[in-house]
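A quick write-up on the structure given underneath.
Labels below follow one simple rule: chain letters A, B, ... track the order of the sequence lines, proteins then strands, and each chain is numbered from 1.
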Amino acid sequence: MNKVPFLKKIGLLPFLAGGAFLFGLVFLVWKVLGYPTVQPLIDGMRGGLVGWQSAFGGPGELPLGIYTTIILVLKLLGVMVVLILVGAYSTYVERKILAFMQDRLGPTRVGYKGLLQPIADGLKLIQKECIVPLGADKVFHYWAPILVFIPSMMGAVIIPFGEGLIPFDLSMGVLYLFAIGAIGVMGIFLAAHGSDNKYSSFGGFRAVGQLISYEVPLAFSMMTVVLLAGDIRVGGIIDAQLKGGGLGFPIWFIVPQFLGFLIFFIANVAETNRVPFDLPEAESELVSGFHTEFTGIRFAFFFLAEYVNIFIASSMITTLFLGGYGGFDLPFLGQTLSSVVWFALKVFLLFFAIVWLRGTLPRLRIDQLMELCWKRLVPLAMINFFVTGIIKLANEIRLNPNLLWPILEKGWGTALLFFILFFVGMVVWVRHLLKGVFGKPALERRA
Amino acid sequence: MSDRETFSGTTVLIERESEDRFWLNMGPQHPSTHGVFRILLETEGEVVTRVVPVIGYLHRGVEKLSENREWMGAIPLTDRMDYLSAIYSNMALVQPVETLMGIEVPERAQWLRVLSMEINRLASHLLFYGTMGLDLGALTPFFYAFRQREKVQYLLELLSGQRITHNYIRYGGVRGDLTPAIEKEIRAFVEGFVPALTEMEALLSENEIFRGRMKGLGVTKPDFLESYAVTGPILRAAGVDWDLRRDSSYAAYDKMDFNVPVHQDGDCYARWWVRFQEMVESTRIIQQCLDGMPAGKFKKPLPFFLKVPRGEIYQSVDTPRGDLGVYVVSDGSRFPYRIHYRAPSFCNLSAIPSLIEGEMLADVVAILGSFDPVFGEVDR
Amino acid sequence: MSNEPVASPFLQALGDAPQQTEMLFGMPVVIMARGRIPQALLDLKVAGFGVLHDLTANEKKEGLEVVYQLLRLSDGARGTLKAQLPHEQLVMPSVVAIHPGAEWHEREVFDMFGISFSDHPDLRRILLPEDWEGHPLRKDYPVGGFKDTTPLWAFEEAASLQKLPERTLLEEDILKGQE
């Protein structure tokens with residue numbers, strides 16, 4: 001028996017090391033990139049304040065700095081509480097919807113109609129022991145759930161909960177979500193790699209392949225909306241739909257962008273690992289995929305992150321395509337509250353659709369999943385982007401005919417090149433599709 | 001490097017070493033190995049390159065135990081082999097013993113046997129329907145199937161007094177009679193079951209993902225199946241029209257009017273389709289049994305301690321999984337000399353490794369699920 | 001039921017080689033020397049008896065007998081082949097090359113009766129653990145077994161789990177007996 005060092009014995013060292021590494025990384029980014037990078041963040045926070053001031057009154061007697069700090073902390077706390085509640089009760093709502101679809105009752109025991117079930121589940125998970133497998137990498141195993149959970153919480157700060165209730169309307173807008181979302185993939189892979197379980201590894205491989213692939217159509221369909229709105233901020237995109245910013249007349253972008261909506265919805269379902277794209281945690285094949293070896297609060301982090309991600313995805317679909325919190329004022333509720341109700345209603349409808357998918361569809365196989373992404377959604381999203389760009393350009397020229405000649409004079413070469421590339425790509429893709437459609441069914445297996 | 005390697009008690013011949021491949025141990029504790037099957041899979045990415053099946057985790061020595069019990073005591077053991085269609089196992093044992101003894105079974109008992117077996121077929125295929133969905137990741141079919149299966153179990157409980165290990169068919173007849181009250185329950189069930197079947201079929205058969213996953217997967221040719229002695233729905237799904245119920249017509253099957261569903265494709269979807277159509281046909285047989293049930297005794301009285309004349313016999317019946325053959329040797333004493341069960345799942349399962357090789361990990365589960373093995377029967 | 005041999009497709013397929021034939025409950029049963037079994041199965045397969053429905057063994061006083069049940073799917077014709085082995089020479093030629101499905105059956109017979117099959121591709125125990133002692137379906141094997149039968153590797157694995165606290169436990173390591 002060789003002597004185990006004290007720090008190793010109590011198992012603290014890996015956590016300290018991991019924490020120091022993460023905080024060091026953040027510090028380094030801050031130092032190297034400097035103020036200009038952080039500036040938009042701070043600007044966004046300031047911008048977001050305006051709405052809150054109108055909702056809760058002005059600074060009054062307090063100095064502005066302290067007031068800003070208090071509001072900042074309050075906003076963060078509020079978002080966290082809302083998210084955790086939404087995450088926990090999403091499970092309840094999902095179970096009830098599934099029960100309704102499957103002709104059974106769902107949770108009924110804890111509280112009135114089982115309403116306290118999520119809280120009971122949470123308490124159970126918190127008090128359970130966190131088992132770390134013998135061969136697991138302790139650092140990764142400890143930090144991975146946190147690395148999955150935190151980005152999903154961070155992503156939620158740009159959700160427009162209601163009119164004037166956008167916690168932080170960042171100037172980098174919806175791009176922020178992609179930056180944050182990429183960290184979650186890393187967490188999943190670390191969880192898989194750190195568990196010392198072959199099933200987890202499979203889940204991790206699948207997750208990375210799937211999440212990175214589906215970000216492409218996701219980003220393309222999102223950029224199409226940004227193109228239409230002429231603004232990348234969340235508030236700007238909603239304003240464009242409600243007040244007619246980008247196009248010159250108010251319209252929900254689901255109408256001109258129905259294809260984009262479908263692509264964005266499918267890609268979002270895939271990004272959140274839901275049926276029929278739940279391959280990383282496919283129960284019948286991989287037991288539980290990347291979170292097989294997690295128990296207790298660490299498992300709860302994964303669980304909560306998944307539902308928070310669904311909430312964020314639904315909110316983003318609402319924001320980009322369904323006019324965000326827009327809707328007529330409801331009686332007795334006032335403008336702000338009715339906008340919150342509208343937002344919640346739209347998010348719930350999307351959540352219902354996602355649960356509906358789970359109640360109906362089997363799971364895809366990994367090659368079918370990749371084929372759907374790279375051979376169907378990505379080309380479609382690209383074509384959608386391209387065509388929308390042309391229409392948008394035509395619209396701009398219609399609004400301002402003086403722009404026509406400068407554009408043609410300077411950009412004809414580029415335009416020609418893009419047109420040629422576009423048509424070559426179309427021909428190749430359509431030929432491939434036709435072969436698929438007439439040769440064999442779309443989802444037929446390879447060779 | 002030795003050419004043999006051992007994984008938790010199982011020796012495996014190592015054919016070639018490679019950095020890109022690793023062994024994945026699936027089972028015996030795994031959500032979709034349908035019991036306690038263990039497969040060692042050599043994988044390269046998602047593709048399975050080699051398969052080493054390991055069975056025997058549920059071996060209880062049914063054949064050995066039977067030799068040390070009375071003839072009557074061997075029937076409950078058969079319940080515990082194929083626990084999803086226990087009545088068929090009863091029938092498989094009772095039939096050859098009755099032939100050895102030369103017993104004439106009352107007509108009503110034969111009809112009751114057909115009735116109970118077909119109800120049991122519904123229970124077995126409903127479970128298949130549910131788990132096939134689960135294997136592919138669809139939750140709802142499972143609940144749809146189990147809602148119906150619960151009613152089927154209730155009917156079997158009414159008939160036999162048991163929900164799983166029915167022990168219903170005995171030497172000389174059956175355990176209990178079909179009373180008017182039970183008959184009413186069965187009729188009520190059949191009435192509700194037919195529309196439920198339509199709904200269940202619509203849930204999966206037109207599902208694009210389900211068809212995409214199942215069609216063209218695990219294709220079996222009749223020659224291949226014959227060489228592995230695979231029988232039952234799997235054989236019928238490959239276009240071979242072979243059903244002992246019709247071709248050997250034991251019990252009262254010769255008086256029933258039913259079709260044998262046959263599919264030509266031989267893939268997973270065909271196997272699913274054949275089993276589903278068998279449920280429809282079973283419903284028809286049940287209806288005919290209820291309508292034409294002859295009056296009379298349901299059991300021929302026999303002494304408890306049977307003495308079976310010296311001799312040996314091999315007979316088989318068609319179960320939801322294939323031909324269950326029973327080889328009975330009697331030395332004329334109160335105890336069986338040897339009873340051997342030719343378990344259909346055992347033979348079917350032996351064909352699986354060559355089907356799985358070269359498929360993807362997710363398809364392993366789908367192919368295994370479409371073969372619908374029961375490991376109580378494989379391991380006996 | 002008559003026990004006299006009558007004309008049946010099964011017997012016709014086997015030809016008129018020296019053999020002992022009887023009819024049991026309508027099923028032709030043919031007893032032949034063990035060396036002739038593969039050739040007989042091949043002949044039968046050519047004649048359409050392509051399904052080796054069952055393969056098992058049975059212990060008798062004078063020795064063991066291996067029983068082959070054959071089936072023709074086209075008309076449902078059946079037949080039984082038997083080969084008798086004396087106790088001191090429990091070896092059969094394997095028929096896996098003719099019927100691949102016989103592989104597991106032969107392993108089961110090896111497992112339960114101790115009959116070894118020459119030329120079998122992978123003759124191991126199938127239902128019982130590899131280190132099991134005895135062959136349970138032999139008449140001299142008690143129902144309760146000879147001894148406490150927890151497989152050895154279970155103990156070894158548990159022991160090595162306690163020995164290696166810090167690193168990934170690979171099964172190869174256990175077998176090589178590191179530490």
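Between chain C and the options B:Pro222, B:Gly56, B:Ser350, B:Ala351, the largest number of non-hydrogen pairs under 4.5 Å is found for B:Ser350. Interface summary for chain B: among C:Gly76, C:Pro136, C:Pro100, the most heavy-atom pairs under 4.5 angstrom belong to C:Pro100. Of the residues considered (C:Val67, C:Thr80, C:Ile98), C:Val67 shows the highest number of contacts with chain B, using heavy-atom pairs under 4.5 Å. With chain C as partner, the option from B:Cys347, B:Ser227, B:Ser354 having the largest number of non-hydrogen pairs under 4.5 angstrom is B:Ser227. Ranked by heavy-atom pairs under 4.5 Å with chain C, the first of B:Asp323, B:Asp241, B:Val230 is B:Asp323. Looking only at heavy-atom pairs under 4.5 Å with chain B, the residue among C:Ala102, C:Gly101, C:Ser74 that has the most is C:Gly101.
Distance alone, capped at 3.5 Å, is enough to place a donor-acceptor pair between the B:Arg338 side chain and the C:Ala57 backbone. Listed for the B:Tyr337 side chain is a donor-acceptor partner under 3.5 Å among the backbone atoms of C:Glu59. At distances below 3.5 Å, at least one donor-acceptor pair connects side-chain atoms of B:Lys64 with backbone N or O atoms of C:Tyr141.
A tilted orientation is assigned to the rings of B:Phe346 and C:His105, their planes being inclined by 30° to 60°.
No part of C:Val29 comes within reach of chain B, as not one of its non-hydrogen atoms sits under 4.5 angstrom from that chain. Proximity to chain C (any heavy atom under 4.5 Å) is shown, for B:Leu349, by both the backbone and the side chain. Contacts of B:Leu100 with chain C are made by both backbone and side-chain atoms, with heavy-atom separations under 4.5 Å. Looking at C:Arg78, only its side chain comes within 4.5 Å of chain B, counting heavy atoms on both sides. With a 4.5 Å cut-off on non-hydrogen atoms, B:Glu312 touches chain C through its backbone and its side chain both. For chain C, the nearby part of B:Asn68 is the side chain; its heavy atoms alone come within less than 4.5 Å.
The structure places OG of B:Ser316 at 7.5 Å from CG of C:Leu71, a figure rounded to the nearest 0.5 Å. Interatomic distance, CZ of B:Arg60 versus CG of C:Leu127, reported as 11.0 Å (0.5 Å rounding). Atom CG of C:Asp75 is separated from atom CH2 of B:Trp242 by 8.5 Å, given to the nearest 0.5 angstrom.
Residues C:Trp104 and B:Pro53 approach most closely at CZ2-CG, 3.5 Å, considering heavy atoms.
Residue B:Glu104 qualifies as open at atom CD: its count of foreign heavy atoms under 6.0 Å is 12 or below.
Listed by first then second residue, pairs satisfying salt bridge (Lys or Arg N to Asp or Glu O under 4.0 Å) with a partner in residues 87-108 of chain C read B:Arg380-C:Glu108, not counting sequence neighbours.
In this structure, C:Leu73 and B:Leu235 have side chains that are in contact, with non-hydrogen atoms separated by less than 4.5 Å. In this structure the side chain of C:Leu137 never reaches within 4.5 angstrom of the side chain of B:His340, judged on heavy atoms.
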Quick one, B:Glu63 with C:Met112, criterion side-chain contact (heavy atoms from CB on, under 4.5 Å). Give me CA distance, side-chain angles, the key distance, then yes/no. CA-CA 10 Å; B:Glu63 291 173 14; C:Met112 295 295 165; 5.6 Å; no

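A side-chain N or O of C:His53 and one of B:Tyr314 form a donor-acceptor pair less than 3.5 Å apart.
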